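Nothing here was measured: the structure is a model prediction, and the numbers come from that model.
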Amino acid sequence: FINSKNKLTKEISIAVKSVYPVDSKYLAFASSGSLGLFKLNSNGNSKWDKIYNSLNVKNQPDFTNIIKNARGKATIYDEQSKTIFYATNNGLFAVNSEGTTNEIELNQKSITINKFSKKENLIYAINNDFKLFEIENLKIKELVLPNSIDKNNIEKTFLPKDTKNSSISL
């Protein structure tokens, strides 16, 4: 963790793939072996305190695992629905601040997502096959792209940059 003066305050040994701010207290993270929340500080209350405290292990006070036994690919937070989305090798999962976890399926099948992007209230996702999806109201749908868009460059040519927060993918 790095403080406001760019000083390293704590180092945690996990292979983080993606982080996304949830609020001023927590960051959602996706790593090789777990997906959860990093606690940035103890200031004030957060809607995420309940899930963080219920899952926190005393010997790792700075983070908690929400989804275990999965390889994390990416994460993003939707302020409107107060939901964290986690992309894993086992599928796409939505977690709310009460700790309810639901798999988001496409046509009643698990879907593997690699990256997320966001513009205003719309969340976009891309998979290994360079297919583009939109997530809205805890549902996912594939977007049909015009033939003029090269699927190999879909990230650069189509996925919007998040204008409010930035997802950090490593």
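Side-chain atoms of N127 come within 3.5 Å of backbone N or O of D129 as a donor-acceptor pair. A donor-acceptor contact shorter than 3.5 Å links the side chain of N41 to the backbone of S24. The closest donor-acceptor contact from the side chain of T64 to the backbone of L55 lies under 3.5 Å. No donor-acceptor distance shorter than 3.5 angstrom exists from the side chain of K73 to the backbone of K17, with no hydrogens or angles considered.
Taking N89 as the reference, nothing meets the side-chain hydrogen bond (donor to acceptor under 3.5 Å, both in side chains) condition, with sequence neighbours excluded. By the side-chain hydrogen bond (donor to acceptor under 3.5 Å, both in side chains) test, S81 pairs with D78, T83, sequence neighbours left out. K82 pairs by the side-chain hydrogen bond (donor to acceptor under 3.5 Å, both in side chains) definition with nothing, not counting sequence neighbours. Residues forming a salt bridge (charged side-chain N to carboxylate O under 4.0 Å, His left out) with E134 (at least two apart in sequence, or on another chain): K141. For F85, there are no ring-ring contact (aromatic ring centres under 6.0 Å, His included) partners at least two apart in sequence or on another chain. By the side-chain hydrogen bond (donor to acceptor under 3.5 Å, both in side chains) test, N137 is found to be paired with no residue, residues two or more places apart in sequence or in another chain being considered.
A ring-centre distance under 6.0 Å is found for F38 and F29.
No salt bridge links K47 with D23; every basic N to acidic carboxylate O contact stays at or beyond 4.0 Å.
Scanning all heavy atoms of the two residues, the minimum distance from N65 to F63 falls at OD1-CE1, 4.0 Å.
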